[in-house]
Amino acid sequence: DSIVMSAAAEASEAPVAPLLEEHIFSARMMDVDVHFRVLHYSSGATWLWIGDDSNRMESITAAVETPFDRVPGSTPLLGSEKEFETALSKRLAKRLHAPVFVSRNL
């Protein structure tokens with residue numbers, strides 16, 4: 001029993017990697033404040049939200065690499081397909097080698 005408890009105590013003292021990293025920043029573009037929120041999950045997936053002060057989320061597009069095609073596959077998860085979101089999510093998924101979710105609300 002003491003060995004099990006000792007191992008459990010050591011495991012609880014070990015540093016734990018965060019499950020999520022968040023990066024928030026803004027830029028002024030053509031007289032509009034554009035906000036960016038990037039969530040990077042420990043699984044490797046990335047969520048990118050681009051929007052204005054309304055903080056709404058009207059659409060989401062997901063992209064992921066597959067072994068069947070050199071171009072990542074993508075699909076809209078919320079709202080209709082938007083060319084910008086599709087292109088950006090595919091490009092990021094290919095570069096990061098991980099699933100990417102993009103939401104642009106401007």
Side-chain angles (χ1 to χ4, degrees):
D1 284 337
S2 64
I3 295 173
V4 172
M5 291 175 68
S6 169
E10 287 178 23
S12 67
E13 294 173 11
V16 177
L19 297 176
L20 174 70
E21 291 180 27
E22 182 177 36
H23 306 279
I24 300 172
F25 53 97
S26 299
R28 188 144 183 91
M29 298 179 192
M30 297 172 37
D31 296 329
V32 175
D33 288 326
V34 180
H35 307 289
F36 301 84
R37 176 170 280 183
V38 180
L39 303 175
H40 184 73
Y41 297 88
S42 60
S43 64
T46 299
W47 181 291
L48 170 61
W49 178 85
I50 304 167
D52 57 18
D53 291 327
S54 69
N55 288 323
R56 66 184 189 271
M57 187 177 303
E58 296 176 349
S59 63
I60 303 167
T61 299
V64 65
E65 285 188 305
T66 72
F68 309 109
D69 195 346
R70 63 180 199 83
V71 177
S74 70
T75 189
L77 301 177
L78 175 67
S80 60
E81 185 171 5
K82 303 218 163 80
E83 187 177 334
F84 174 83
E85 290 175 12
T86 299
L88 183 57
S89 63
K90 285 182 175 187
R91 181 174 286 182
L92 289 172
K94 184 172 182 77
R95 183 178 190 121
L96 299 174
H97 304 291
V100 173
F101 303 86
V102 174
S103 178
R104 182 183 68 152
N105 305 278
L106 295 173

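The CD1 atom of I50 sits 12.0 Å away from atom CG of D52, with the distance rounded to the nearest 0.5 Å. Note that CG of L92 and OG of S74 are 12.0 Å apart. Values are rounded to the nearest 0.5 Å. The distance from the NE2 atom of H35 to the CG atom of L106 is 9.5 Å, given to the nearest 0.5 Å. Taken to the nearest 0.5 Å, the NZ atom of K94 stands 13.5 Å off from the OG atom of S89.
No continuous path of hydrophobic side-chain contacts links V100 to M57 [ILVMFWY only; heavy atoms under 4.5 Å]. Hydrophobic cluster membership is shared by V34 and L48, with clusters built from Ile, Leu, Val, Met, Phe, Trp and Tyr side chains linked at under 4.5 angstrom. V71 and F101 are assigned to two separate hydrophobic clusters, defined by single-linkage of ILVMFWY side chains at heavy-atom distances under 4.5 Å. Taken together through direct or relayed side-chain contacts under 4.5 Å among Ile, Leu, Val, Met, Phe, Trp and Tyr, L19 and V38 form parts of separate hydrophobic clusters.
W49 has its side chain out of reach of I24: every pair of non-hydrogen atoms, C-beta onward, lies at least 4.5 Å apart. Side chains of T46 and L96 form a contact here, defined as non-hydrogen atoms less than 4.5 Å apart. I60 is listed as a side-chain neighbour of W47, based on a closest heavy-atom distance under 4.5 Å. With a 4.5 Å cut-off on side-chain heavy atoms, L78 and E58 do not count as touching. With contacts defined as side-chain heavy-atom distances shorter than 4.5 Å, the pair T61/F84 does not qualify.
Pairs of residues two or more places apart, or lying in two chains, that qualify as side-chain hydrogen bond (donor to acceptor under 3.5 Å, both in side chains) and include a residue from residues 62-71 are E65-H97.
Judged by distance alone, with hydrogens and angles left aside, the side-chain atoms of S103 form a donor-acceptor pair with the main-chain N or O of S59 at under 3.5 Å.
Enclosure of atom CD in E83 is not indicated, since only 12 or fewer non-hydrogen atoms of other residues, nucleotides or ligands lie within 6.0 angstrom. More than 12 non-hydrogen atoms from other residues, nucleotides or ligands lie less than 6.0 angstrom from CZ of R28.
Of all the heavy atoms in A45 and A98, the pair that sits closest is N-CB, 4.3 Å.
Partner of V102 under the side chain to side chain contact (heavy atoms under 4.5 Å, CB included) criterion, out of E85, K82, R91, K90: E85 alone.
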